[in-house]
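One structure below.
Within every chain, numbering begins at 1; the chains are lettered A, B, ... in the order of the sequence lines, protein sequences first and strands thereafter. What you see is a predicted model; the values in this text were computed from it and never measured.
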Amino acid sequence: MIPAYLISGLLFGTLALFGAGFALGLFAKKAAYVLGGVGSALGVALSLIALTSGRTVSIDLWLVNSTSHAQLQVSSLNAYFLLISSLVWLGTCLYSVRYDDDYPNSLSSLLLLTILSMVIVLVSGDAFTFLIGWESMTIASFFMILEGKGDKEGVRNAAYLFLAFGEGSSVLIMLSFAGLFSAAGTFSFMGPAARVVTPLGPWIFVTALLGFGLKMGLAPFHMSEWLPIAHSSAPSNASALLSSTLTLMGVYGIIDVVSHLGGYQLWWGWLALTVGGVSALLGALFSSVSEHSKGLPAYSTIENNGMIVVAIGVYLIATYYRLTFLADFALVAALFHAFSHSVSKASLFLLNGWMSKLRGTFDLTSANPVPAGGVRGVGAIGIFTALSLAAVPPLAGFVSEWMILEALFQSFRFGDLASQILGALVGAVVALAAGIMVVTMTKVYGFGILWPKRIAAPGEKGGGYIEGGLAYFAALIVAVGVAAPGVFYLASQAASRMLGANPYGLFVTGLLGVPAPFVILSGSPFGGFSPTFTALAFLSILMVTLAVAGAVRARPPRFGLRVRRTPGWFAGAALADDSSAMYNSFGYSTPIRVMLRFLFRTKESVVQVGPVQRTVIRSPEEYVVDLEVLDVFKKFYDVLAKWALGLSAYTSRKVMPGKLGLYIVYIMAALVFVLTYILLTAG
Amino acid sequence: MWDMPKIWVFRGLKKGILTTAYPKSQPTSEEVPTASLPPRPTDAVDWSAGERGCPTGAIDSGGKRVDLGRCVYCRLCSSAGFTFDDGSGSRAGALQAGLTGRHAAGARRIFGRSLHVMMIDVGSCNACNLEVLNLSNPYYDLSRLGIAFTNSPKHADALIVVGALNPAMVDALKMTYESMPEPKLVLSVGACAISGGIFRSAEGFVSPVGDAIPVDVVVPGCPPSPVQILEGLLLAAGRLKETGAMR
Amino acid sequence: MRNLERLGEKMQLSSVFQAGGLNYALISDTETNKTIISELPLTLSEEFGALLRGSGAKPGSPLVLEASGRVEGYGVFEFPYGPVSWGVPEAGAFSLMTYGERVLKVVPRLNFKKRGIERAVLGRTPEDALLFVERSAGNFSAAYSTCFAAAVEDSLGLEVPSEARWTRAVALELERIHNHLYVFGRLAEAASQNIAATQAHALRERVLRLNSRHFGHRYLFGINSIGGVSRGLPKDERRTLTTEVRLIGREFSELVQYFLSSRIFLDRLQGTAKLTRKDALGLGTVGPSARGSGVQWDDRLTFPLEPYEDIYVNLETEDGEDTMARTMVRVKEVESSTIALRELLDRMPSDGTKSGPHRRRADSLGAGFSFCRVESPSGDLIQAVQLDGGGRVGSLHVRPPSLVNWLPFARSLEGTVFTDFQFAFESFGLSFADSDR
């Protein structure tokens, strides 16, 4: 039995280390990152201990009202999320030691503050602590985005956009919590409290889905493109943090709220399936046509979060129909995908951030060369990231996407026709999104990493930290894939409170000669897959190929059987040295832009300007290049923004001059609204 | 009247087989037309008049021989006593492809059953190009012999070069040759490729193809008929003796 | 000069060339079928400026036919194609400007196979020069040698037997048929209609064998000499040739029936690579490509050499302006050529009468220039010849049909997608050997 004081000690240690890092960051950023790394390692240890022991440890801080304490709490569910986050933070801190060279000390400080806030969000045992963490996370991230390089005006806009949508999300979450409070009568519902069945259930679920979904960039808020704009404008280590762990907080929030609710209704599942499916498809499509080396992964975040919500939708419907087996599997799939997406996405942001730094631009179409010294080894490491996000077996991304699709395939088990049809449709959409991601990842790897010309000139070098950080993530990605049964165990452990029992034994078994813990079953009877043995098979094919190649090369040359290097074939012409004669990433995705012109609102035109014909092909994803787009949803938000701006301009003139004041008024108004609501409903 | 449904496949089947029997038997006079037959001296030949009248210098009165690599088959030398067709219709000695002597041993073992061919034009008048393309029409159908065209030198075993080597194509020709995997064969097809033909004095001619890259087989003609090009390919693949008999 | 201002409405700039140190422009009036020759300096459009530079280009120096400005924009790049490719089985290259998939502009790059025929023949006897001229473009050999021979005969005032002129016309029509069949076969290949392609190529092989049997050469090399033909068509040969031509014509009609009921094939051609009538006239498009855009110009009718005044030739035009229209012009021309061939062979005079210099003479270009226009399979071929005092070639200007058709071809591809390239290229019947000469 693990003693409770060990867990709480580790927790306080972690918090203290991040806090110390935050303070130290202002003076010595490298040291701060080292502290952050140690803190993350402590976090990993803490969460592993908590997960495997299954213990829940609560630490009461102070009394809020008669029924609620401000409380820290470590349970198997939040320990799972803490594990994922800590693993990401560890790699990010390692990478940041070198990457941060061009940035002021404040960035490291803010980064560690963001991490600290996230830990608080995760280990909060009550709504107030959660919201304190949530708000400080948003504000720290806001300042972190402001540190971004590039167009100053654009970065500031991106940061304010982030703040606005972050606060929108906060308001919705508060509304959801208000509902929960009025049903449960306590604010201490973040922990393993009992499920509440209440007529307010739909209210709580919808506001939570929208509020956390907003933070995750899900439909219908994806259309505003706030997430790709904000995440891509931040410094790359901050982007990684935002896109993988900050959206992970959203996943945690949704799952946590769902875990406190009982009496699921069928349409909740439909809503989740629809929101997730639309997000997955549109995220994938927009990602595939993005030419921004960090906008592209940011759109992919929307896609992956959409998939997670789809899995939650399957869980809801399956629970409604008491399909225990499927519900268990879907929930574990959602948790598993959160894991593989977080490590892969953080890795991709760090990878692209480094490549963009070497190229001096975020434009994937740019022909800027890179110093060979800076990219040595990066390509070989990066392939694992790209393959994982493209869901290629046996890597992390494949295992979890396979699980989500297998869960959707079993939608025929649902009790009514509408759910069955919706399940099948969303299954097709998710499969399509996964397919598009293969194209997208080919693009980001091909044009982001392989394409830039290597030059021998002296330039930036990773100094071991960049390569080390990336290799760490590559190793994680391989490990999560190959050792999938182990991750499955951890995810099952996290889900066991919601499911009533640990479902690990139901799904992980042996089959067809593959020994016991290495096959993951998706149903009884349905599909089965062994990532470990697939990896072994791939490895042996690779070894055989290498052996044959080696044997052939070792033989004496006969009939000219020898290695002779010739230049590439360019139809008899010499390869032009400049980029003007090279297929670029924009051309790679133009067929999609042209084919789906109705979706992207693509406009093509050629204008004669003196001796030059200017071509214009526009679509909304080119926010970097041009914001002038025709998009009904975007238009709607534009109009809304205009009104809001007009209104705030009016209020700021009349009521409270000064921008900061405006912000405070907004927050206060929101809080007053929430408190009034609570008083009305609780009374 | 009942109208046959117009389906290409039925039409294709209805036409039957058009393909030549070559190389199982000698080609007919249709397949190797008179215009593709080399000049042969008769008893009444006037070598010096022939040399004077020959626009490409193919006739050598000193050595009393005709250089087929230079001949453009214009038949201006008929007035000097050269003949072209014995009138028998037999084409037994009409095939003229020749080896240049650098041909790799064991070609038949490597290429005998499968040969991928690429064509490169380095300055032709388009007639040789068309005759090479004709090889895939039903009358010659070279795929029945395990020979196929390819459009990348990286996949090619043999390179057919046509045309008088132009200054603008020298680098392209060398690049193409370099890009081919080894072992590889080169066929110089047509008078222009072998010697410059009629264009050997023109500004746009650099050198015979053989001076730029190593050539294995020459196929004289202006243009050589498809069967003669086919003969060159079979010779290059080691499937013919040089006399034209199937090995 | 005033005529030029109306270019593109009914006036068509046919050729610009340099001779005797002067620049000449040759303008055709498509309504009255008159040819007008005017001396430059004219303010030439950019397109024709490039052609004029091209007419004086030396071998080895590339001619880049870039007109109407560079293309720029986000993501725009150049897609180089050639000079060694299989889709275009000749040495020539293109730069396709694109931002992926969409063709924004095509820039033909010529002179990869310029042999310099016009310089090579200088100082040679016309008989010797004929050997070069007929090897300018192997597939248009009869048109080239007939055009050259007729111009030289005109210049020398030679009397040519009518039979020889009619025999030349037979060769010209056979050449038209085999080239049109080639285009049809290549289009079928491009549309992956393999049986249609092999059938067309098999039919073409039959025409080539006819050429070889009756004229001694598959590509009609060496058929002409100055003042006559090297080999006449005896009466019995005319009969067998008529029968053969009728058989080929019938078989082609069947093929066309299949083609017209082959929806997949037609779909690929319809609406592909449009060239408007205005562009066709403004850019000086010639041949079936122009007639596919509704331009009423065929040298057999508008600039007839001897037999064409006496026999019936239908002017085949289409209004579709697309690949289908150009294909249909060629298809209909094969049919009208077989009809013309039968009339030619049937009514060919064989009494040895000499027709004298042909009746239709161009205005003199001065300094002993004489010029001739012949409708080659791809369109209007113009040659202007000047003989020096010793009866040798003093100057030769060739305006190949393909040269002026490059820019219309490039224009027709603007705004299409990559996969339309092959269809446009084949339907225009372009040949690098022809334009580079």
Side-chain angles (χ1 to χ4, degrees), chain A residues 288-292 361 363-367 439 443 447 451 568-597 602-619 621-626 628, chain C residues 45-47 49-50 62 64 66-113 407 410-411 413-422 425 432:
Chain A
S288 72
V289 297
S290 180
E291 304 303 332
H292 191 285
T361 171
D363 191 350
L364 284 175
T365 60
S366 151
V439 179
K443 170 173 164 173
F447 290 103
W451 195 61
W569 175 243
F570 300 100
L575 180 60
D577 214 29
D578 59 342
S579 72
S580 66
M582 277 166 88
Y583 198 71
N584 58 30
S585 70
F586 191 84
Y588 182 79
S589 41
T590 297
I592 303 182
R593 279 186 196 94
V594 173
M595 273 190 295
L596 299 179
R597 52 173 70 241
T602 309
K603 287 226 168 283
E604 290 179 275
S605 54
V606 181
V607 195
Q608 186 92 37
V609 189
V612 175
Q613 290 181 309
R614 227 158 227 304
T615 71
V616 187
I617 171 167
R618 274 207 187 109
S619 47
E621 100 283 356
E622 288 168 56
Y623 55 87
V624 187
V625 186
D626 196 341
E628 192 190 323
Chain C
S45 62
E46 203 183 333
E47 289 88 345
V64 180
E66 180 156 17
S68 63
R70 286 170 297 128
V71 179
E72 287 181 354
Y74 183 72
V76 174
F77 61 95
E78 180 194 335
F79 184 101
Y81 186 53
V84 185
S85 69
W86 185 247
V88 177
E90 272 194 276
F94 302 92
S95 301
L96 280 78
M97 303 305 296
T98 176
Y99 39 62
E101 199 58 25
R102 184 79 65 208
V103 178
L104 301 168
K105 185 180 175 180
V106 179
V107 181
R109 291 165 61 214
L110 314 181
N111 280 8
F112 281 95
K113 48 198 289 187
L407 287 171
R411 177 69 52 85
L413 270 175
E414 284 173 14
T416 60
V417 292
F418 282 159
T419 45
D420 287 347
F421 183 90
Q422 197 72 32
F425 181 80
F432 280 103

query = Should V84(C) and W569(A) be marked as a side chain to side chain contact (heavy atoms under 4.5 Å, CB included) after you check the CA-CA gap, both sets of side-chain angles, and the distance that decides it?
reply = CA-CA 10 Å; V84(C) 185; W569(A) 175 243; 3.9 Å; yes

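- Interface residue F570(A): only backbone heavy atoms are found under 4.5 Å from chain C.
- Top candidate by heavy-atom pairs under 4.5 Å with chain A, chosen from S85(C), P83(C), S95(C), is P83(C).
- Between the side chain of T590(A) and the backbone N or O of Y99(C), at least one donor-acceptor pair lies under 3.5 Å.
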